[in-house]
Amino acid sequence: MKRFNPKDIESKWQKIWDETGTYTANLHSNKPKYIAMSMFNYPSGNLHIGHAMNYTISDVKARFKRQQGFESYHPVGWDSFGLPAENRAIKESMSPQESMAQLIPGYRHAYKAMGWSNDWEKEIATHLPEYYKWTQWIFAQMFKHGLAYQDSRMQWWCEKDATVLANEQVIDGKCWRHDGPDDPLVEKKEIKQWFFKITEYADELLEATDALDWTESVKLAQKNWIGRSSGAEVTYRVKGADDSITVFTVAHDTMYGTTFIVLAPEHELVQKITTDAQKTDVEAYVQAAQMKSEVERQAEKTKTGVFTGAYAINPLSKKEIPIWIADYVLAGYGTGAVMGVPGEDGRDYEFAQKFGLDIIYTTEDQSFVEYHETIKKNPAGYKLANSEEFNGLDFKVGRQKILEKLESLSVGSEKVNYKMRDWSVSRQRYWGAPIPIIDCPKCGNVLVPDDQLPVILPELDDFQPSGDGRSALARATDWLHVDCPQCGGPAERETDTLDTYICSSWYMLRYMDPHNQEVIFDSAVVNKWAPIDFYNGGDHATAHLLYARFVARFFTKIGILDNPEPFKQMLFNGKVTASDGTMFSKSKGNGVDPLEIINSGYGADALRTYLMFAAPLELWARWDAQGVPATHRFLSRLWNLVQEYLEAPEGKTSPKQQKELLRITHQTIKKMTHDIENSAYNTAIAAGMTMVNDLYKQKAEALAKTDAWKQALEAIVACVGPFAPHTAEELWHELGHSATVHKDTWPDFDEKYLVQDTMTIAVQINGKLRAEIEVATDATEAAVTAAVYANEKVQTNIAGKEVIKTIYVPGKIVNLVVK
RNA sequence: GGGCGAGUGGUGGAACGGUAUACACGAGGGACUUAAAAUCCCUUGCUUUAAAAGGCUUGUGGGUUCGAAUCCCACCUCGCCCACCA
């Protein structure tokens, strides 16, 4: 009997699949399409267990659909621009180009060793000019449509990377790439940079979120990130001056409770309105605030602030209220100024307490309850108080009336605010797509004409940032100096490169037309293949997934794409940790190397099956050293069963066994089809294991080379195909097929085989299980009840008692209620 | 501080309001073997008992229901995301 030896069969089939193009998708096929993929790979080292997890999830889905008869496409590519590659290149004194040329082949080899069904004909890499030409084209389109602009702003700055960061790239006050305990906090620097106006789409993105078939937590994270709040802008006049201060509030119904105004230290009016007496204090405070990082500010437990000496007038109550500055007010949100309502807002309350400011309550119960709490506890509404003519009104009515009054006085209007900011897309680093802009002293920022794209990234010897806040490109003088496309005069190229999140915001669409050099993609093909049917990953709940949605939406506006949502279904899967629950890390050296496991003799199939079996996909799994041996054992049992069948004598299968084999088979097909469809891979594999166990029991009865056995074995081999593709392929061929198991082989199930002659009914007495009875499947309720009363245990339990109620759940349970 | 999840055997985990603990690991026993590995078979929630037969069990406490791991309320614990967003 042939032994199960993954080493031989895996490399054999990988070679055959490669040579025969088994996984090459025909984008013009007449079959229904299916495209499954996992988040883009960032080549930075070796394939690790997290990759193995992520890419196997989408590979199983793609394989399942391919077997079901879909034209299934499982694309592959490299998110090859970006800082890790550049930093590695600096460290190992090689160019990032060379670094990629070294890393990518290693990944290709590893992907094939994992048995992933990628289409290698359509491979892409974002650092190649044929790709980034179109990344630059997107920038140009954004620019032409008024969605790309340059601005000088305070921006997050990572000292280690010497580049700015997008808000989304700041994690707990640190750079997303340097968030270790010894890494520095990010700082703010004023830098001229490019932005994409994602805020223009905030509302659309928010509204479309609910309908997505995505993991709920991700949808929620996106909604929170966009952070819509609707309220009003109200203008307070500064006493004795022409200036006025506009604040944003969601609680304009509490306006009569405003007893002070607070400006952010950076607010433009601070200098102007501060009185001479307060000047020293205010300047000191502003300076101190500038020195502090955002995180230090937030870490402070108590409120700080300084009085400016100026007063504002409440436009409704006409009361004079002091104007303060305090760093609990953020310059970047709303208008950078708030109205202090200490009767209804916790932060204002704390501030008022500390500095002895007045507190006015505007609700009838006249005590401090947080505004949102008040509404939550009393959704029906509370009544306004201390609000002059609005007293006694329900807050919803009062709110509306107050708004109307503000509007009539021209001091307020409805306003919607978003937490989300525009997307900062400039990076002061070398290894990215150059921004296709030429800075002309006469014409200003001039777009590089489309026919001159791509702006090729010049090869350099030294990739270190130039140190003046510009990238290494500032030193590439030949490249830098160009003629202005508009006036022909001397000009300079933009030295910033594009955030690599732009590269990954549209790659899924390029997969459908990867080599097109005329246009970004053929819309006809893309409209056939988009959206991505299945997408998964364990990171980027906000940044990447929001950017991709934004860019796709933009494509629909400029008419090159039909569907504004790029990902139809998105599974946010868990990660794999070490057995002690801590993260795998290079520094700890506790990593598990997928290739090592494969090569140790267990094979890719056992590894894949273990990863998919360990836990539900959305949960985090702990690495268990016993796991791969266990799934290897399962595959080996299946293997041996098929070998025994092949060596079995010709003969007959009894009608009884035939019926049982059919039942086992169809029950398994049903369960596995349903579970893989629903991404419940762990229970699908469990069902496969159950079938193999059941077949071993049948084998003990009788095993002969019959159609009944063959059909059962073919079904389980096909169903295991998505998880253990090599083993399935080998066994499929051994069972007599010459075509691949991986196309059009998924078996159908028929409910009629699931029906048994008898069924087991559980009998409860007062809800407690007391007996089980066996009745004919077609037994009537009367027959079942009769069988229940005939049961000895039931009789003992109801002796001397009165049965007051009988509940019969057909096919399942009988519950007798006795007294 | 806000939001969202999750608490089930020794472990990872199963269970449309209907027989809790599928499947797997680990453990114990047996077969095969000179022996070991591999393989195959059996047992395995806790507990009383020699056995037969009971009792108890899904974080804690209540509730709804003929029936609750599942639904509702309160509490405890853990995890994740966001966080002075006005």
Side-chain angles (χ1 to χ4, degrees), chain A residues 3 171-172 216-225 227-229 231 247-252 254 262 264 294 297-301 303 326-330 332-341 344-348 350-351 370-373 417-421 541-542 572 574 579 581 610 613-616 618-627 629-631 633-634 636-637 640 671 680 682-693 696-697 699-700 760-772 793 804-818:
Chain A
R3 283 202 54 173
I171 315 281
D172 290 334
E216 282 304 315
S217 62
V218 175
K219 288 162 66 171
L220 203 75
Q222 298 222 337
K223 288 200 253 181
N224 288 340
W225 189 265
R228 184 194 148 101
S229 42
V247 302
F248 172 71
T249 176
V250 293
H252 43 278
T254 66
V262 193
E294 205 82 359
R297 274 198 196 184
Q298 290 173 14
E300 274 167 11
K301 288 189 189 77
K303 295 270 177 290
D327 62 10
Y328 81 90
V329 175
L330 307 173
Y333 182 74
T335 61
V338 303
M339 55 185 217
V341 188
E344 324 295 336
D345 183 279
R347 295 155 302 181
D348 298 344
E350 202 189 313
F351 194 74
E370 192 84 39
Y371 182 73
H372 302 283
E373 281 294 302
N417 234 306
Y418 298 93
K419 276 201 262 182
M420 187 167 72
R421 315 290 161 80
T542 46
F572 197 70
S579 48
Y610 163 66
F613 178 66
E618 55 279 5
L619 296 188
W620 287 50
R622 288 185 182 204
W623 182 259
D624 178 357
Q626 310 290 346
T631 46
R633 194 171 304 138
F634 159 60
S636 182
R637 276 165 68 80
N640 291 337
K671 174 89 175 142
N682 60 331
T683 51
I685 293 166
M689 289 171 168
T690 305
M691 173 150 172
V692 170
N693 292 345
Y696 266 71
K697 291 198 181 85
K699 184 191 82 175
T760 308
I761 302 286
V763 184
Q764 296 183 335
I765 290 163
N766 286 346
K768 287 211 177 232
L769 182 70
R770 293 298 177 193
E772 280 176 10
K793 280 188 183 170
I804 53 175
K805 199 171 175 185
T806 304
I807 294 108
Y808 175 53
V809 182
K812 295 229 165 105
I813 207 164
V814 172
N815 191 8
L816 301 180
V817 185
V818 301

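Chain A is the first sequence line, chain B the second, and so forth, proteins listed ahead of strands; every chain is numbered from 1.
- In terms of modelled atom types and a separation under 3.5 Å, the side chain of A:Asn815 and the main chain of A:Gly767 share a donor-acceptor contact.
- Among the atoms of the strands shown, none is found under 4.0 Å from any heavy atom of A:Ser217.
- Proximity of A:Phe613 to A:Met689: side-chain heavy atoms (C-beta onward) are separated by under 4.5 Å at one or more points.
- Remark: A:Thr631 OG1 to A:Tyr610 OH distance equals 8.5 Å, nearest 0.5 Å.
- When the C1' atom is compared between B:G26 and B:G13, the two are found 14 Å apart, to the nearest whole Å.
- A:Asn766 contributes a side-chain N or O that, together with a main-chain N or O of A:Val818, makes up a donor-acceptor pair within less than 3.5 Å.
- For B:G9, the base adopts the syn conformation, since its glycosidic angle falls within 90 degrees of zero.
- Side-chain N or O atoms of A:Glu772 include none that pairs as donor or acceptor with a backbone N or O of A:Val763 at under 3.5 Å.
- Between the A:Tyr333 side chain and the A:Asn417 main chain, no donor and acceptor come within less than 3.5 Å of each other.
- With values rounded to the nearest 0.5 angstrom, A:Leu816 atom CG is found 12.5 Å from A:Lys805 atom NZ.
- Taken together, the paired segments of RNA chain B that extend over three or more consecutive Watson-Crick or G-U pairs, each closer than 3.5 Å at both contacts, are B:1-7 with B:76-82, B:10-12 with B:23-25, B:26-31 with B:39-44, B:45-48 with B:53-56, B:59-63 with B:71-75.
- In this structure, A:His252 places its NE2 atom 13 Å from C1' of B:A86, rounding to the nearest Å.
- Along RNA chain B, the nucleotide nearest A:Gly336 and the nucleotide nearest A:Ala630 are compared for position; the residue whose nucleotide lies closer to the 5' end is A:Ala630.
- Taking atom P in both B:A86 and B:A74, one finds a spacing of 25 Å when rounded to whole Å.
- Side chain A:Lys303 to base B:C84: a donor-acceptor pair is found below 3.5 Å.
- Atom name C1', nucleotides B:A69 and B:G17: the rounded distance is 11 Å, in whole Å.
- In terms of phosphate contacts, A:Thr542 brings no side-chain nitrogen or oxygen within less than 4.0 Å of OP1 or OP2 of B:C81.
- Nucleotides B:C46 and B:G9 have their P atoms positioned 12 Å apart, rounded to a whole Å.
- Between the C1' atoms of B:C76 and B:G62, the separation comes to 15 Å (whole Å).
- B:U58 sits 15 Å from B:A22 when the C1' atoms are compared, rounded to a whole Å.
- Between the A:Arg622 side chain and the A:Trp620 main chain, no donor and acceptor come within less than 3.5 Å of each other.
- The residue A:Glu772 sits close to a base: some heavy atom pair falls under 4.0 Å.
- If you take CG of A:Leu769 and P of B:U57, they are 14 Å apart, rounded to a whole angstrom.
- Place A:Ala221 and A:Lys768 on RNA chain B by their nearest nucleotides, and A:Lys768 ends up nearer the 5' end.
- The distance between atom CZ of A:Arg228 and atom P of B:A86, rounded to the nearest whole Å, is 13 Å.
- Atom CD in A:Glu216 sits about 8 Å away from atom P in B:G5, given to the nearest Å.
- A 4.5 Å side-chain heavy-atom check between A:Ile807 and A:Val814 finds every atom pair outside the cut-off.
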Scoring nucleotides 11-18 of chain B by protein non-hydrogen atoms under 4.0 Å (B base, S sugar-phosphate only, - none) yields -BSS-B-B
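- You'll find that the side chain of A:Val250 is closest to B:A86, out of B:G3, B:A83, B:A86.
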Going 5' to 3' through nucleotides 36-48 of chain B and flagging B where a protein heavy-atom sits under 4.0 Å of the base, S where only the sugar-phosphate is that close, and - otherwise, we get ---SSS-------
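- We find the OG-CZ distance between A:Ser229 and A:Phe248 to be 4.0 Å, quoted to the nearest 0.5 Å.
- The separation of B:G10 from B:C84, taken at their P atoms, amounts to 43 Å, rounded to a whole angstrom.
- Counting only heavy atoms from C-beta outward, the side chains of A:Arg637 and A:Phe634 never approach each other to under 4.5 Å.
- Within the nucleic acid shown, A:Thr760 comes within 4.0 Å of at least one base atom, counting heavy atoms only.
- Distance, A:Glu618 CD to B:C4 P: 19 Å, rounded to whole Å.
- Taken to the nearest 0.5 Å, the CG atom of A:Asp345 stands 10.0 Å off from the CD atom of A:Glu350.
- Looking at A:Asp348, its side chain does come within 3.5 Å of a backbone N or O of A:Val341 through a donor-acceptor pair.
- Atom CG of A:Leu220 is separated from atom P of B:C82 by 12 Å (rounded to the nearest Å).
- Between the C1' atoms of B:G63 and B:U70, the separation comes to 15 Å (whole Å).
- One atom, CG of A:Asn224, and another, P of B:C82, lie 10 Å apart when rounded to the nearest Å.
- The cationic group of A:Lys303 does not satisfy the cation-pi geometry with A:Phe351, failing either the under 6.0 Å distance to the six-membered ring centre or the 45° limit from the ring axis.
- Note: CG (A:Asp348) to P (B:A86) measures 12 Å, nearest angstrom.
- For A:Val817, the listed nucleotide lying nearest its side chain is B:C66; candidates were B:C66, B:U19, B:C82.
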